[in-house]
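Just so we're on the same page: letters track the sequence lines, and every chain starts at 1. All values derive from a computational prediction rather than experimental measurement.
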2 protein chains.
Amino acid sequence: MGTSAVNSGEQSDRQSRILEAAMDLLSRHGISGVSMRSVAREAGVALGLVNYYYDDKATLIRAALGRVDEHDLRLVAPDPSLAPDEQLRRALRRVAAADLLTTRYLSLRLHLWALAQADEDYAQINAAAFDRYIDGVAALVSSAKPELPWEVCRERASDIVVIQNGVWLTALLGVDKASIERSIERTEQIAFAPLDGTAGQDQEPGQP
Amino acid sequence: MGTSAVNSGEQSDRQSRILEAAMDLLSRHGISGVSMRSVAREAGVALGLVNYYYDDKATLIRAALGRVDEHDLRLVAPDPSLAPDEQLRRALRRVAAADLLTTRYLSLRLHLWALAQADEDYAQINAAAFDRYIDGVAALVSSAKPELPWEVCRERASDIVVIQNGVWLTALLGVDKASIERSIERTEQIAFAPLDGTAGQDQEPGQP
DNA sequence: ATGGAGATTGAACAACTGTTCAATACTTTT
DNA sequence: AAAAGTATTGAACAGTTGTTCAATCTCCAT
């Protein structure tokens with residue numbers, strides 16, 4: 001029987017070359033550019049082998065989706081070697097890092113999101129990963145500002161993620177670099193805002 | 001010869017039914033769900049008629065893209081019957097309006113964006129519409145706050161659009177309604193911020 | 001070397017794709 | 001009523017798609 005896609009990590013090198021090829025094609029040409037044949041060609045492998053490692057085309061796409069979700073989660077993984085507030089700051093900065101704002105990654109994310117919108121199956125995987133990501137951000141906020149109740153951390157995390165999504169989506173359209181920088185700053189302000197009022201914004205700096 | 005897709009407005013009823021069907025399918029099942037046959041079926045029309053009104057599948061998709069772009073631009077069109085600051089406020093609020101935050105519209109936008117990412121042709125149309133949209137927002141900001149130099153208005157518009165994109169993208173994933181509301185408020189703060197410092201954010205509400 | 005298990009190939013199949021086109025139906029003009 | 005123009009149909013075409021499968025190849029334990 002096939003090796004199944006539940007297999008994590010690097011399998012026989014060929015299997016991961018196939019997955020890599022699929023992600024590359026998806027990122028560059030969208031789902032219509034991903035056929036079993038084009039994947040095989042891109043991976044330098046016979047057609048049959050793609051179906052050997054991935055029973056379905058759906059399984060192949062699911063594997064790609066899993067890889068990207070995994071990657072996203074690493075962005076907000078706690079790093080014990082850093083002070084909590086520095087951890088948070090870096091995680092927020094990573095979103096605008098050069099290696100993340102590449103067309104290849106952003107485009108891949110966009111296509112996967114579009115797929116999730118069209119297919120209930122992908123949608124669930126995606127939604128779960130999205131929730132875990134928000135939880136990750138909330139956990140970082142909580143470590144950096146322990147005085148905040150968890151509920152507030154989740155709130156701030158949601159707000160931050162809205163902006164982050166906006167950042168990378170807009171980055172695809174080639175918006176001003178400076179605007180992205182300002183948006184990142186905005187996420188920092190939300191994260192580090194003092195407890196008092198609503199998160200990180202005071203319209204009137206006047207005194208009571 | 002065919003009627004061409006340059007034809008704006010409502011043509012023979014059948015033509016617009018076809019376009020409507022295409023947009024519906026695109027929104028619900030993504031580009032792989034849009035075939036000339038499925039469009040014809042959804043529109044209750046023979047296969048040949050789709051190619052009669054739209055020479056290409058690409059032409060059909062372009063028409064859909066045009067419709068959505070047109071719709072987006074109307075969101076920031078100036079409305080002389082309102083005071084400038086009210087115009088701006090309403091435009092910013094419209095993004096979170098119920099009729100816009102529907103899956104149908106958001107999903108359509110997402111798929112078109114994904115298509116633009118895969119096809120240079122769509123990409124240019126999309127980029128142009130995106131620019132016009134930012135210009136529209138900037139113009140509204142400028143009317144509401146005439147003391148701002150145009151450059152600053154564009155800056156604020158860019159920042160606002162980043163958040164708006166984040167809002168509707170995240171809305172697709174079913175994020176907390178409250179978070180969306182807070183994000184909209186944030187766009188208002190950016191728009192209406194006093195001229196002094198950076199746009200709409202003061203980390204410390206202290207006095208000088 | 002011999003057997004066997006897994007890896008790899010490409011041909012074959014049925015289903016679907018976009019596009020073309022001759023044939024018809026319907027409207028309007030003459 | 002005839003002619004002309006447009007709208008509408010579905011069959012036909014060549015190509016592509018995902019999936020299956022018998023046939024090979026590779027490698028390792030025996």
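- Put simply, CG on A/Leu49 is 15 Å from C1' on D/dT20, counting in whole angstrom units.
- Without hydrogens or angle criteria, B/Thr187 side chain to B/Ile184 main chain gives a donor-acceptor distance under 3.5 Å.
- A donor-acceptor pair under 3.5 Å is absent between the side-chain atoms of B/Glu42 and the main chain of B/Ala21, judged by distance alone.
- With rounding to whole Å, A/Ile18 atom CD1 is found 11 Å from C/dA7 atom P.
- Per the geometry, CG belonging to B/Asp55 stands 13 Å off P belonging to C/dC21, to the nearest Å.
- One interatomic measurement links the two molecules: CG of B/Asn51 to P of D/dA7, which rounds to 15 Å at whole-angstrom precision.
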Distance-only check: which donor-acceptor pairs under 3.5 Å involve side-chain atoms of residues 111-124 of chain B, not counting sequence neighbours?
| residue | atom | partner | partner atom | Å |
| --- | --- | --- | --- | --- |
| B/Asp119 | OD1 | B/Asp121 | N | 2.6 |
| B/Asp119 | OD1 | B/Tyr122 | N | 3.3 |
| B/Asp121 | OD2 | B/Arg62 | NH1 | 2.6 |

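- Which of C/dA11, C/dT19, C/dA7 sits closest to the side chain of A/Tyr52 comes down to C/dA7.
- Not counting sequence neighbours, the partners of A/His71 by the ring pair (Phe, Tyr, Trp, His ring centres under 6.0 Å) test are A/Tyr105.
- The side-chain contact (heavy atoms from CB on, under 4.5 Å) search around A/Ser143 returns A/Pro84, not counting sequence neighbours.
- One side chain, B/Thr170 or A/Asn165, offers a donor N or O that lies under 3.5 Å from an acceptor on the other.
- A straight line from OH of B/Tyr54 to P of C/dT20 spans 17 Å, rounded to a whole angstrom.
- Residues A/Gly44 and B/Lys57 both approach DNA chain C. Their nearest nucleotides, taken by heavy-atom distance, put A/Gly44 toward the 5′ side.
- Pairs of residues two or more places apart, or lying in two chains, never qualify as ring-ring contact (aromatic ring centres under 6.0 Å, His included) while including a residue from residues 133-163 of chain A.
- Annotation: cation-pi pair A/Arg17/A/Tyr53 absent, no NZ/CZ under 6.0 Å from the ring centroid and within 45° of its normal.
- Taking the side chain of A/Asp56 as heavy atoms from C-beta on, and the options C/dG10, D/dT19, C/dT19, the nearest nucleotide is D/dT19.
- Heavy-atom distances under 4.0 Å link DNA chain C to B/Val34, B/Ser35, B/Met36, B/Arg37 of residues 21-37 of chain B, given in residue order.
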Worksheet entry | Dot-bracket summary - DNA chain D, pairs being Watson-Crick or G-U whose distances fall under 3.5 Å, with | when paired to another strand | .||||||||||||||||||||||||||...
